[in-house]
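All remarks here apply to the structure that follows.
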Protein chains: 2
Amino acid sequence: MPWRPTRQRKAVLSALHDCAGFTSAQELHEALEADGIPIGLTTVYRALHALDRSGQVDVVREKSGERLYRPRPADGHRHYLVCRDCGLSTAVDADAVERWAEDVAGTMGFAEVEHTVELTGVCDRCRVTPAVRSSAEQHS
Amino acid sequence: MPWRPTRQRKAVLSALHDCAGFTSAQELHEALEADGIPIGLTTVYRALHALDRSGQVDVVREKSGERLYRPRPADGHRHYLVCRDCGLSTAVDADAVERWAEDVAGTMGFAEVEHTVELTGVCDRCRVTPAVRSSAEQHS
DNA sequence: TCAGTTATGGAAATGATTACCATGTGCGTC
DNA sequence: GACGCACATGGTAATCATTTCCATAACTGA
């Protein structure tokens, strides 16, 4: 399975890094088109899918079921505390949960354990000046 | 907002209790119709929504994004270890995560914290005799 | 250049969920 | 019991993110 770094794929990865918080495939597509980069929505989805499979991005799901992506930071964190208001995301030390998940599953006799942990809240700043969640208004 | 225990609502709650593991709205609808209980899909969704709001059921989301429901047991547990193969779900002691979530959020300056924890794996039995996930084949 | 694989992208399909809305039902009141 | 009305129902149509299809385009090694 060769990996051709095409114009579009590089653009998706780059656009993803330009976003402060988590971003949806559709937002990403709009942002790219707005930047004058012609790209099909299908291609954005495919690129994100590939990045996910190869572990270059983290994925969370918000209440509506929409998938949100963000480039995985170098330190390899995988769990975040996300602000419901502005989308600000903060990497969280989740070693405790990782261990806990392994333990519980082992005790129950389950194998091949996978876990999903999602934390949401309202960040400091938004408690003072509420912002509408939109990629344009996210702060870092 | 009055709560009228109509024929349909009682049927949904009852059908939900008859299922071993987590069940989707659509499966529930099929099961009800199969039992000769005429009910609209819309009504099933509404009933589940209401049960969710009033805290009588727990909801998880599987990878596809589909929502799965199960009646909340008396002991008030809210986290489960679910078998990806047969759907078997086991209540899990998640006090540790609850506390952890509060702590982390507090440290980061976040308020109104909510958390989602989902554990999946393959249970003992399924490791031996793999089952296709279907409401008819779930074991308790 | 040629052939073959891989990538692209518009349009159509999917599938769970929700909105709409006309009709039906439970229930307190007279 | 009959009346009235808020609440419930359920079929159909809309939503919406995501996937599938498929014909076309781009890349790559020979």
Side-chain angles (χ1 to χ4, degrees), chain A residues 1-16 19 22-54 56-70 87 118 133-135, chain B residues 1-16 19 22-54 56-70 87 118 133-135:
Chain A
M1 56 176 89
W3 174 257
R4 294 189 192 163
T6 63
R7 178 176 59 78
Q8 292 91 336
R9 288 180 183 179
K10 283 183 283 192
V12 167
L13 200 48
S14 148
L16 201 53
C19 296
F22 278 91
T23 319
S24 72
Q26 318 242 0
E27 277 176 337
L28 220 42
H29 179 238
E30 279 176 34
L32 286 164
E33 297 256 277
D35 284 354
I37 299 168
I39 187 172
L41 182 56
T42 307
T43 304
V44 175
Y45 273 108
R46 262 191 304 245
L48 288 172
H49 214 164
L51 289 170
D52 180 24
R53 277 199 308 272
S54 66
Q56 295 178 72
V57 297
D58 289 320
V59 189
V60 300
R61 214 183 260 281
E62 63 163 29
K63 274 201 284 290
S64 73
E66 195 181 14
R67 274 193 273 265
L68 302 179
Y69 302 83
R70 85 167 269 172
E118 262 148 52
R133 204 224 179 288
S134 118
S135 52
Chain B
M1 56 176 83
W3 174 258
R4 293 190 192 159
T6 63
R7 175 177 61 78
Q8 292 91 336
R9 289 182 182 178
K10 283 183 283 191
V12 167
L13 200 48
S14 148
L16 202 52
C19 297
F22 280 91
T23 318
S24 72
Q26 318 240 4
E27 279 176 336
L28 221 43
H29 179 237
E30 278 175 35
L32 285 164
E33 297 256 277
D35 283 355
I37 300 168
I39 186 171
L41 182 55
T42 308
T43 304
V44 175
Y45 274 107
R46 261 192 303 246
L48 289 172
H49 212 176
L51 289 169
D52 179 24
R53 278 199 307 273
S54 65
Q56 296 178 70
V57 297
D58 289 320
V59 189
V60 300
R61 212 183 265 278
E62 65 163 27
K63 273 201 285 291
S64 72
E66 194 180 13
R67 273 193 274 265
L68 303 179
Y69 302 83
R70 85 166 269 173
E118 262 147 50
R133 202 221 180 292
S134 117
S135 53

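Chain A is the first sequence line, chain B the second, and so forth, proteins listed ahead of strands; every chain is numbered from 1.
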Measure from the side chain of A:Ala25, starting at C-beta and using heavy atoms only, and say which of C:dG9, D:dT18, C:dA19 lies closest.
D:dT18

For A:Thr6, answer base if it contacts any base atom (sugar-phosphate contacts may also be present), sugar-phosphate if it contacts only those atoms, and nothing otherwise; contact means non-hydrogen atoms under 4.0 Å.
sugar-phosphate

Under 4.0 Å between any heavy atoms, over every strand shown, what does A:Arg67 touch: base, sugar-phosphate, or nothing? Just pick one.
sugar-phosphate

Please report the distance, rounded to the nearest Å, between CG in B:Leu28 and P in C:dT17.
12 Å

In this structure, how many angstroms lie between the P atom of D:dT12 and the OH atom of B:Tyr45, rounded?
17 Å

Side-chain heavy-atom pair A:Val59, A:Leu48 within 4.5 angstrom cut-off:
no

Which nucleotide sits closest to the side chain of A:Thr42: D:dA17, C:dA11, C:dA16?
C:dA11

Distance in angstrom units between A:Ile39 CD1 and C:dG9 C1', rounded
10 Å

Check the side chains of A:Ser24 and A:Gln26 for a donor-acceptor pair under 3.5 angstrom, ignoring hydrogens and angles.
no

What I'd like to find out is whether the side chain of A:Arg7 reaches to under 4.5 Å of the side chain of A:Ile37, using heavy atoms alone.
yes

Round to the nearest Å and state the distance from B:Arg53 atom CZ to C:dT18 atom P.
11 Å

Could you tell me how far apart A:Arg9 (CZ) and D:dA26 (P) are, to the nearest whole angstrom?
15 Å

By nearest-nucleotide position on DNA chain C, the 5'-leaning member of B:Arg46 and B:Ser64 is B:Ser64

Heavy atoms under 4.0 Å, any strand shown: does A:Gln8 hit a base, just sugar-phosphate, or nothing?
sugar-phosphate

Separation of A:Gln8 CD from A:Leu32 CG (nearest 0.5 Å):
10.0 Å

First locate atom CD of A:Glu62, then atom CD of A:Glu118, and finally report the distance between them rounded to the nearest 0.5 Å.
10.0 Å

When the distance from CG of A:Leu41 to P of C:dA12 is rounded to whole Å, what number comes out?
15 Å

Can you tell me the distance, in whole Å, between the NZ atom of A:Lys63 and the P atom of D:dC16?
18 Å

Measure from CZ on A:Arg7 to C1' on C:dT6 and round the result to the nearest Å.
15 Å

